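These notes concern the structure reproduced below.
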Amino acid sequence: MRIAITSTGKEMDSAIDPRFGRARYIIIVEKDGTMVEAMDNVQGANALSGAGIQAGKLLADRKVDVLMTGHCGPNAFRTLEAAGIKVVVEQSGTVKQALERLQLGNVKFSSKANVEAHW
């Protein structure tokens with residue numbers, strides 16, 4: 001199982017970026033904590049529009065199963081849902097802490113976006 005976690009930096013101890021499409025980095029890890037990639041999301045961070053949809057497509061291309069972030073808008077959520085990627089929102093702390101919550105089963109998967117478009 002691959003997990004994507006939005007981040008302000010490239011390390012597991014980096015803070016979670018509360019934005020999905022405009023997150024500076026998206027860290028992809030295996031469920032056991034093995035880091036696959038710290039994906040630079042500079043294009044999404046600076047996009048005028050469609051950042052969430054673009055980031056969702058990137059995660060689908062990388063065969064991600066779960067996204068953990070702070071907020072996810074409706075267009076991004078629909079893109080992720082169509083790709084079969086489960087979404088966990090309202091995450092805070094570090095990337096490592098978010099992964100630990102998932103490993104322990106202390107997360108709730110979302111059934112809808114938690115912010116309006118262009119958040």
Side-chain angles (χ1 to χ4, degrees):
M1 172 188 284
R2 283 189 167 187
I3 301 106
I5 305 170
T6 57
S7 176
T8 59
K10 299 178 182 178
E11 309 297 329
M12 293 294 287
D13 290 327
S14 300
I16 290 179
D17 193 319
R19 306 161 299 172
F20 168 52
R22 297 188 186 283
R24 183 63 183 91
Y25 294 95
I26 301 175
I27 294 181
I28 300 174
V29 296
E30 298 289 345
K31 189 172 182 179
D32 67 1
T34 304
M35 185 186 287
V36 174
E37 177 181 10
M39 188 173 80
D40 189 335
N41 190 40
V42 69
Q43 283 187 310
N46 295 319
L48 295 177
S49 64
I53 294 170
Q54 291 174 8
K57 289 178 181 176
L58 290 173
L59 297 188
D61 290 345
R62 285 168 169 77
K63 311 290 186 204
V64 166
D65 300 294
V66 175
L67 165 68
M68 302 182 78
T69 189
H71 304 289
C72 184
N75 293 335
F77 192 88
R78 282 191 293 272
T79 300
L80 294 162
E81 189 174 46
I85 299 171
K86 295 179 181 179
V87 179
V88 179
V89 294
E90 299 179 3
Q91 294 299 297
S92 61
T94 67
V95 170
K96 184 177 179 181
Q97 290 169 333
L99 179 62
E100 290 170 353
R101 287 190 291 271
L102 181 69
Q103 290 170 328
L104 295 172
N106 293 334
V107 298
K108 181 179 174 185
F109 295 103
S110 299
S111 60
K112 61 182 181 181
N114 70 334
V115 291
E116 298 295 323
H118 306 290
W119 182 81

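What you see is a predicted model, and the numbers here were worked out from it, not measured in a lab. Only this structure's heavy atoms are used, side chains among them; waters, hydrogens and symmetry mates stay out.
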* Asked: Hey, mind stepping through Leu99 and Met12 against side chain to side chain contact (heavy atoms under 4.5 Å, CB included) and telling me if it holds?
  -> CA-CA 9 Å; Leu99 179 62; Met12 293 294 287; 3.9 Å; yes

* Trace of the side chain to side chain contact (heavy atoms under 4.5 Å, CB included) decision for Arg2 with Glu30 -> CA-CA 5 Å; Arg2 283 189 167 187; Glu30 298 289 345; 3.3 Å; yes

* Using the side chain to side chain contact (heavy atoms under 4.5 Å, CB included) rule, take Leu59 and Phe20 through it: C-alpha gap first, then chi angles, then the decisive distance, then the call. => CA-CA 11 Å; Leu59 297 188; Phe20 168 52; 3.6 Å; yes

* With side chain to side chain contact (heavy atoms under 4.5 Å, CB included) as the test, would you mind laying out the steps for Arg24 and Asp40 before giving the verdict? => CA-CA 7 Å; Arg24 183 63 183 91; Asp40 189 335; 2.3 Å; yes

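Under the 3.5 Å distance criterion, the side-chain polar atoms of Asp65 are left unmatched by any main-chain donor or acceptor of Lys86. No donor-acceptor distance shorter than 3.5 angstrom exists from the side chain of Thr69 to the backbone of Thr6, with no hydrogens or angles considered.
Atom CD1 of Ile28 and atom NZ of Lys63 lie 12.0 Å apart (nearest 0.5 Å). Of the inter-residue distances, the one linking Leu58 atom CG with Ile53 atom CD1 reads 12.5 Å to the nearest 0.5 angstrom. With rounding to the nearest 0.5 Å, the separation of CD in Gln103 from NZ in Lys31 is 7.5 Å. Between Asp13 atom CG and Ser7 atom OG the span is 10.0 Å, to the nearest 0.5 Å. Taken from CD1 in Ile26 to CE in Met39, the straight-line distance is 3.5 Å, to the nearest 0.5 Å. A distance of 11.5 Å separates NE2 of His71 from OG of Ser110, quoted to the nearest 0.5 Å.
Scanning both residues, Gly21 and Asn41, for their nearest heavy atoms gives O-ND2, 2.9 Å. When every heavy atom of Glu116 is checked against every heavy atom of Pro74, the shortest pair comes out as C-CD, 3.7 Å. Across every non-hydrogen atom of Met35 and Lys10, the tightest pair is CE-O, 3.6 Å. The two atoms that bring Gly70 and Val89 nearest to each other are O-CB, 3.6 Å, heavy atoms only. Between Gly56 and Ile85 the shortest heavy-atom distance is O-CD1, 4.4 Å. The heavy-atom pair separating Asn114 from Cys72 by the smallest distance is OD1-N, 2.8 Å.
Val29 and Val64 are not part of a single hydrophobic cluster, where members link through side-chain heavy atoms under 4.5 Å apart. Linking ILVMFWY side-chain heavy atoms closer than 4.5 Å, directly or via other members, places Val107 and Ile3 in a single hydrophobic cluster. Cluster annotation: Ile16 is connected to Phe109 through the hydrophobic network of ILVMFWY side chains, with a link wherever side-chain heavy atoms come within less than 4.5 Å. When the side chains of ILVMFWY residues are joined at heavy-atom separations under 4.5 Å, either directly or via intervening members, Val66 and Leu80 end up in two distinct hydrophobic clusters. Placement of Val36 and Leu102 in two distinct hydrophobic clusters is found when ILVMFWY residues are connected by side-chain heavy-atom separations under 4.5 Å, directly or transitively.
More than 12 heavy atoms of other residues, nucleotides or ligands sit less than 6.0 Å from atom CD of Gln97. No more than 12 heavy atoms of other residues, nucleotides or ligands shown are found within 6.0 angstrom of CD on Gln43.
Annotation for Tyr25: hydrophobic cluster partners, listed by chain and number, are none (ILVMFWY side-chain heavy atoms under 4.5 Å, direct or chained).
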